[in-house]
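Contents: one structure, followed by commentary.
Model, not experiment: these values are computed from the prediction. Position 1 is the first residue of the sequence; numbering continues from there.
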Amino acid sequence: MSSALMRLLQSKQLLIFDFDGTIADTSPLHAQAFTQALSGKGIAVHYPDIAGLKTADAVRFCAERSGVPLREDEVQSLVQAKQSLVRSLMAQHLQALPGADDFLQQVARTHRLAMVTSGSRGTVALGLGKLGYTDFFNPLICADDVAQAKPSPEGFLKALAVAGVSADRALVFEDSPAGLTAAHQAGLATIQIEADTWAALLKDLR
């Protein structure tokens with residue numbers, strides 16, 4: 001293991017992971033589901049702008065940018081449509097990002113693993129089950145568990161409280177700007193996940 005990564009991991013008790021775009025390759029599936037759900041309302045979707053946001057917040061953002069006013073009941077209807085679509089896509093096509101599974105299997109031997117995600121519990125539970133991670137993450141903080149999703153730090157602060165771990169003893173793995181902002185606001189160190197990050201981290205673990 002590289003000395004830098006070794007020192008970092010040895011100083012931490014809790015490793016906190018995002019789900020979408022960090023462990024699971026869900027971004028294309030979410031983008032497709034948002035586009036299908038919102039296109040009928042004339043709402044354009046540029047997924048990188050809403051990655052990491054709670055579904056309802058993402059719907060409102062896209063609608064406002066497209067100049068389409070929505071009542072709250074319309075927002076919730078679109079949320080349900082999008083969630084139904086993405087769950088169907090995930091059941092068929094979901095895969096872990098390359099290297100993510102090997103990394104998780106290794107650090108699970110030495111650290112407690114948690115998850116903080118802006119996904120709904122139903123969608124995330126389906127995805128974790130599909131990938132074989134149903135019991136990997138404790139605590140598992142989803143959009144349903146917080147009043148304010150990322151970029152608010154509420155989810156990360158709740159994970160720390162539930163785990164009984166101080167911020168300086170935790171490390172976050174995140175891909176989205178919203179998630180990284182939330183983690184930094186909670187006082188947490190982060191590793192930003194990009195396309196080749198897991199492969200590089202795995203090389204450092206060996």
*Would you say the side chains of Q76 and Q80 form a donor-acceptor pair under 3.5 Å?*
no
*Under the side chain to side chain donor-acceptor pair (under 3.5 Å) test, residues paired with Q92 that sit two or more places apart*: S88
*asked:* Going by salt bridge (Lys or Arg N to Asp or Glu O under 4.0 Å), name the residues that satisfy it together with R109, two or more places apart in sequence or in a different chain.
replied: none
*Do you know which of D18, D175, D20 makes salt bridge (Lys or Arg N to Asp or Glu O under 4.0 Å) with K150?*
D18
*Sequence neighbours excluded, which residues qualify as side chain to side chain contact (heavy atoms under 4.5 Å, CB included) partners of A63?*
I43, L70
_Where at least one partner belongs to residues 74-85, residue pairs that pass salt bridge (Lys or Arg N to Asp or Glu O under 4.0 Å), sequence neighbours excluded_ = K41-E74, R71-E74
*Pairs flagged by ring-ring contact (aromatic ring centres under 6.0 Å, His included) wherever residues 52-93 is involved - sequence neighbours left out*: none
*For D25, check salt bridge (Lys or Arg N to Asp or Glu O under 4.0 Å) against everything at least two apart and list the hits.*
none
_Under the side-chain hydrogen bond (donor to acceptor under 3.5 Å, both in side chains) definition, can you give me all pairs with a residue in residues 128-140, not counting sequence neighbours?_
D101-Y133
*Kindly state each residue pair satisfying ring-ring contact (aromatic ring centres under 6.0 Å, His included) with at least one member in residues 103-126, sequence neighbours excluded.*
F103-F173, F103-W198
*Who else is in the cluster with L180 when I, L, V, M, F, W and Y are joined by side-chain contacts under 4.5 Å?*
none
*salt bridge (Lys or Arg N to Asp or Glu O under 4.0 Å) with R60: which residues, sequence neighbours excluded?*
D57, E72
*Return each pair, listed once, that meets ring-ring contact (aromatic ring centres under 6.0 Å, His included) where at least one residue sits in residues 21-50; pairs must be two or more places apart or across chains.*
none
*Considering only NZ, NE, NH1 and NH2 on the basic side and carboxylate oxygens on the acidic side, decide whether D49 and R65 come within less than 4.0 Å.*
yes
*Among I141, L15, V124, T22, side chain to side chain contact (heavy atoms under 4.5 Å, CB included) partner for M115*: V124
*salt bridge (Lys or Arg N to Asp or Glu O under 4.0 Å) involving R121 - partner list, sequence neighbours excluded*: D145
*Look at the side chain of T123 and the backbone N and O of G119, then say whether any donor-acceptor pair between them is shorter than 3.5 Å.*
no
